[in-house]
Engineer: 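Quick one: this structure, given as structure tokens, is what I'll be asking you about.
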Amino acid sequence: MASLQPVRGTHDLLPEQNRLQDYIANTAREIGELYGYHRMTTPIFEFTEVFARTLGDTSDVVTKEMYTFEDRGGEQVTLRPEGTAGIARAYISNGMQQMSPVKVSYYGPMFRYERPQKGRQRQFHQIGAELLGVEQVAGDIEMIGYGAHILKALGLWDSITLELNTLGDPESRAAYRDVLVDYFKGHFDKLSEDSRARLEKNPLRILDSKDEGDRELVANAPLFAEYLNAHSQEFFKGLTEGLGDIGINYELNPRLVRGLDYYCHTCFEFTTNTLGAQGTVMAGGRYDGLISTMGGPQTAGVGWAAGVERLALMVGEAPAGARPVALIPMGDAAEAKCRTLAQTLREGGVAVELGYSGNMKKRMKRADKANAKLAVILGYDELANGVAQLRDLDSGEQQEVALDQLADVIGKK
RNA sequence: GCGGGUGUAGCUCAGGUGGUUAGAGCACCAGUUUGUGGCACUGGGGGCCGUGGGUUCAAGUCCCAUCACUCGCCCCA
């Protein structure tokens, strides 16, 4: 049994779930087109270095969560844990600065070796978008509007909050970080065990600690706002005003941070309280230092990513698809005729349900189950007269239609 | 990685203190009806009771381990 189960944290996407996730991904893609973002696809694995370098040596994702292995040629490769690094690598590999600004969206599986929970799997899917080569705050505003648009189109907006913060430019950030580390070092004995570790790796994260003792310290910690230089303040002001222009509400969350050095300025998360501990549904920010960190030209960047499984949990089910026409033949001759008819209708763009066996009653039942709107009944008498009974399965009304007019009549229904 | 909960049919769940061939509803298949669906009735298929070990005359039931899912922490989408 064990060997017939999927690997821990992975799941089969049965047709219903697959359709739901496709619906979400397609909605995101279509909305992206409205903003001028086109889908691109990078490999699902890269040289390990691509992720190790961009995500930093200390992040949990790199140190504990990557699926890394040596391939048969002796190369260290890693299944991608997120989408941005691959896009950034592709930007450099393909000399995409020639196409600036680059506006792309993506969709695909990601892999993280984490302890699974609802809304957190080892293989999961993300949709995402990146804007490369735009340093103006207009890019950040557009990105957030784009993401919000998707959440609205999926009908989730009412249960979602946009949390917003600024990380400032590198200069402000470094200044604040130093002050913060000094402050917490002065209270080292009161820090929780987790936060002592964070002090080394990612001191800003202490601001978001759930430990009570930490929270008391945080309450009296120096404020980032006091260390933002004029440029950073100006940028953030532009962002909040721009969001006002497009009618998007947000909550300022000074504890919202990112661990990695190449992030700057805009930092946002769309969150919900309907998914338990996995409340972040879409998250993003500005990463002007990323491309250069990877060895490319200095290039500004903004982006976001969203977990498709988490969105799917919230959406529940995909809207109903097109209702098929069911063909109900009786007897071998009628079955042969229906085969021909089905092919013609399908090539004409009509969804057709044609069973493989069963008497009329069985076939009618299946038509019902397939949510068919119309049934075409073709028996001995009809075949002899070149007609069929066309039955509306909602109203029960039935009319006789000549076979050569059937496609036309169905097309008008 | 840390702490807690759960695991019986495809799904939702019953199976007091261990005791014959493990049950229900839904779903599935077939029939009642060799030409009319949603309803009803009848019948049928389907369970290594998550897995492995132990205690016992006897284990779905008790003990241990393991795996998976799940809640919180961590981290994040």
Side-chain angles (χ1 to χ4, degrees), chain A residues 1-11 14 16 24 55 58-65 81-84 107-128 147 192-195 197-198 201-202 205 208-211 256-260 269-272 275-284 303-314 326 328-331 334 353 355 357-383 388-398:
Chain A
M1 189 71 170
S3 62
L4 286 182
Q5 277 183 338
V7 173
R8 183 179 199 191
T10 68
H11 294 283
L14 269 29
E16 191 182 355
I24 290 165
L55 298 175
T58 57
S59 73
D60 275 19
V61 171
V62 168
T63 54
K64 299 192 294 202
E65 297 176 359
E82 54 94 36
T84 304
Y107 166 55
M110 306 293 165
F111 305 84
R112 290 182 200 173
Y113 189 88
E114 291 187 282
R115 180 134 172 200
Q117 275 177 41
K118 188 197 286 285
R120 185 216 261 186
Q121 295 150 237
R122 290 184 172 182
Q123 178 178 343
F124 62 105
H125 297 78
Q126 285 188 333
I127 51 174
S192 68
E193 200 178 325
D194 280 337
S195 287
R198 283 190 274 239
K201 303 196 305 192
N202 194 352
R205 278 258 175 245
D208 203 19
S209 174
K210 286 170 186 161
D211 180 86
L256 191 64
V257 296
R258 293 280 182 273
L260 309 175
E269 289 187 10
F270 292 94
T271 60
T272 180
L275 293 180
Q278 278 67 244
T280 300
V281 145
M282 178 183 278
W304 53 255
V308 174
E309 281 80 1
R310 289 185 187 177
L311 291 170
L313 284 169
M314 295 183 74
I328 318 280
M330 306 187 58
E353 195 64 29
S357 66
N359 57 23
M360 182 168 192
K361 184 185 178 86
K362 275 287 170 275
R363 287 173 184 265
M364 285 296 280
K365 270 193 172 178
R366 288 193 199 113
D368 223 33
K369 201 152 294 175
N371 192 31
K373 175 170 173 49
L374 300 169
V376 173
I377 299 161
L378 193 64
Y380 311 103
D381 296 344
E382 286 84 2
L383 202 54
Q389 303 296 331
L390 182 62
R391 183 179 180 84
D392 185 309
L393 292 174
D394 293 333
S395 66
E397 284 170 26
Q398 194 163 306

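Sequence lines set the chain letters: A, B, ... in the order given, protein chains first and strands last, and positions in each chain run from 1. Since the structure is predicted, the reported quantities are computational estimates derived from the model, not experimental observations.
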Engineer: From the set C73(B), C69(B), U32(B), return the single nucleotide nearest to any side-chain atom of K210(A).
Structural biologist: C73(B)

Engineer: Counting distance only, does the side-chain N/O of R112(A) pair as donor-acceptor with the main-chain N or O of P81(A) below 3.5 Å?
Structural biologist: yes

Engineer: Which one, G37(B), C69(B), C71(B), comes nearest to the side chain of K118(A)?
Structural biologist: C71(B)

Engineer: Given 3.5 Å as the limit, does a donor-acceptor pair link the side chain of R391(A) with the main chain of A375(A), or not?
Structural biologist: no

Engineer: In terms of side-chain heavy atoms of F124(A), which of A77(B), C75(B), G3(B) is nearest?
Structural biologist: A77(B)

Engineer: Does S395(A) or A305(A) map to a spot on RNA chain B nearer the 5' end, using the closest nucleotide for each?
Structural biologist: S395(A)

Engineer: Could you tell me the separation between the NZ atom of K362(A) and the C1' atom of U32(B), rounded to a whole number of Å?
Structural biologist: 11 Å

Engineer: Nearest to the side chain of D368(A) - A77(B), G3(B), G37(B)?
Structural biologist: G37(B)

Engineer: Contact class for A283(A) vs. all strands (heavy atom < 4.0 Å): base, sugar-phosphate, or nothing?
Structural biologist: sugar-phosphate

Engineer: Checking base pairs now: Watson-Crick or wobble, both atom distances under 3.5 Å. What partners G60(B)?
Structural biologist: none

Engineer: Determine the interatomic distance between C1' on C13(B) and the same-named atom on U17(B); round to the nearest Å.
Structural biologist: 23 Å

Engineer: Which nucleotide sits closest to the side chain of R310(A): G35(B), C69(B), A77(B)?
Structural biologist: A77(B)

Engineer: Closest to the R120(A) side chain: G37(B), G35(B), C75(B)?
Structural biologist: C75(B)

Engineer: How many Å lie between CZ on R122(A) and P on C76(B), as a whole number?
Structural biologist: 17 Å

Engineer: Map V281(A) and D211(A) onto RNA chain B by nearest heavy atom, then report which one ends up closer to the 5' terminus.
Structural biologist: D211(A)

Engineer: Which nucleotide in the list C73(B), C75(B), A77(B) gets nearest to the side chain of R198(A)?
Structural biologist: C75(B)

Engineer: Calculate the interatomic distance between M282(A) atom CE and A77(B) atom P; express it in whole Å.
Structural biologist: 12 Å

Engineer: Would you indicate what Q121(A) reaches in the nucleic acid, counting non-hydrogen atoms under 4.0 angstrom: base, sugar-phosphate, or nothing?
Structural biologist: base

Engineer: Is the base of G3(B) touched by the side chain of R115(A) through a donor-acceptor pair closer than 3.5 angstrom?
Structural biologist: yes

Engineer: For G23(B), give the paired nucleotide (Watson-Crick: N1-N3 plus N6-O4 or O6-N4; G-U: N1-O2 and O6-N3; both under 3.5 Å), or none.
Structural biologist: C13(B)

Engineer: Would you indicate what G331(A) reaches in the nucleic acid, counting non-hydrogen atoms under 4.0 angstrom: base, sugar-phosphate, or nothing?
Structural biologist: nothing

Engineer: What is the distance from CG of D392(A) to C1' of U36(B), rounded to the nearest Å?
Structural biologist: 14 Å

Engineer: Considering only the P atoms, how many Å lie between C29(B) and G10(B), rounded to the nearest integer?
Structural biologist: 16 Å

Engineer: Who is the Watson-Crick or G-U wobble partner of A40(B), with both distances under 3.5 Å?
Structural biologist: U32(B)

Engineer: Compare side-chain N and O positions of Q5(A) against OP1 and OP2 of G50(B) and report whether any pair is under 4.0 Å apart.
Structural biologist: no

Engineer: If you measure from OG1 on T271(A) to CE on M282(A), what distance do you get to the nearest 0.5 Å?
Structural biologist: 12.5 Å

Engineer: Just the rounded figure in Å: distance from C1' of C76(B) to CD of E82(A).
Structural biologist: 11 Å

Engineer: Roughly how many Å apart are C63(B) and A27(B), using the C1' atom of each and rounding to a whole number?
Structural biologist: 37 Å

Engineer: Could you walk me through whether T272(A) and R310(A) pass the side chain to side chain contact (heavy atoms under 4.5 Å, CB included) check?
Structural biologist: CA-CA 10 Å; T272(A) 180; R310(A) 289 185 187 177; over 6 Å; no

Engineer: If I pick the C1' atom on A59(B) and the same atom on G53(B), what distance separates them, to the nearest angstrom?
Structural biologist: 13 Å

Engineer: Counting heavy atoms from C-beta on, name the nucleotide in C76(B), G3(B), U32(B) closest to the side chain of T280(A).
Structural biologist: C76(B)

Engineer: Locate the shortest heavy-atom distance separating L393(A) from A372(A); write the atom from each residue and the value.
Structural biologist: CD1-O, 3.5 Å

Engineer: Regarding K369(A), tell me which of base, sugar-phosphate or nothing describes its non-hydrogen contacts under 4.0 Å with the strands shown.
Structural biologist: sugar-phosphate

Engineer: Please give, in whole Å, the distance from C76(B) P to R112(A) CZ?
Structural biologist: 8 Å

Engineer: What's the closest nucleotide to the side chain of M330(A) if the choices are G35(B), C74(B), U32(B)?
Structural biologist: G35(B)

Engineer: Using atom P in both nucleotides, what's the gap between U8(B) and C49(B) to the nearest angstrom?
Structural biologist: 11 Å

Engineer: Could you please name the partner base of A68(B), counting Watson-Crick and G-U wobble pairs only when both distances are under 3.5 Å?
Structural biologist: U6(B)

Engineer: May I ask you to say what Q398(A) touches in the nucleic acid, namely base, sugar-phosphate or nothing, with a heavy-atom cut-off under 4.0 Å?
Structural biologist: base

Engineer: What closest approach, in Å, do I24(A) and V308(A) show between heavy atoms, and which atom pair accounts for it?
Structural biologist: CD1-O, 4.1 Å

Engineer: Give a yes or no on whether the backbone of R120(A) and the side-chain of E309(A) come within a donor-acceptor separation of less than 3.5 Å.
Structural biologist: no

Engineer: Which whole number of Å gives the distance between the P atom of G25(B) and that of U42(B)?
Structural biologist: 10 Å

Engineer: Check if the side chain of R363(A) and the base of G37(B) share a donor-acceptor pair of N or O atoms closer than 3.5 Å.
Structural biologist: no

Engineer: Using a heavy-atom cut-off of under 4.0 Å over every strand shown, decide if G9(A) touches base, sugar-phosphate, or nothing.
Structural biologist: sugar-phosphate

Engineer: Given the rule in the side chain to side chain donor-acceptor pair (under 3.5 Å) test, do E269(A) and T280(A) qualify, once you have shown the distances and angles that lead to the verdict?
Structural biologist: CA-CA 7 Å; E269(A) 289 187 10; T280(A) 300; 3.0 Å; yes

Engineer: With a 4.0 Å cut-off on heavy atoms, is G128(A) in touch with a base, just the backbone sugar-phosphate, or nothing at all?
Structural biologist: nothing

Engineer: With rounding to the nearest 0.5 Å, note down the distance linking CD in Q278(A) to CD in Q121(A).
Structural biologist: 10.0 Å

Engineer: Paired with C73(B): which nucleotide, if any, by Watson-Crick or G-U wobble criteria at under 3.5 Å for both distances?
Structural biologist: G1(B)

Engineer: Looking across every strand, which nucleic acid part, if any, lies under 4.0 Å from K361(A) by heavy atom: base, sugar-phosphate, or nothing?
Structural biologist: base

Engineer: Starting at atom CD of E397(A), determine the distance to atom P of G38(B), rounded to an integer number of angstrom.
Structural biologist: 19 Å

Engineer: Could you tell me how far C28(B) sits from G46(B) if I compare only their C1' atoms? Round to whole Å.
Structural biologist: 9 Å

Engineer: Any side-chain N or O of R391(A) less than 4.0 Å from the OP1 or OP2 oxygen of G37(B)?
Structural biologist: no

Engineer: Where the side chain of Q389(A) is defined as all heavy atoms beyond and including C-beta, which of G37(B), A77(B), G35(B) is the nearest nucleotide?
Structural biologist: G35(B)

Engineer: Separation of Q278(A) atom CD from A77(B) atom P, in whole Å?
Structural biologist: 12 Å

Engineer: Between A24(B) and U34(B), how far apart are the two P atoms, rounded to whole Å?
Structural biologist: 30 Å

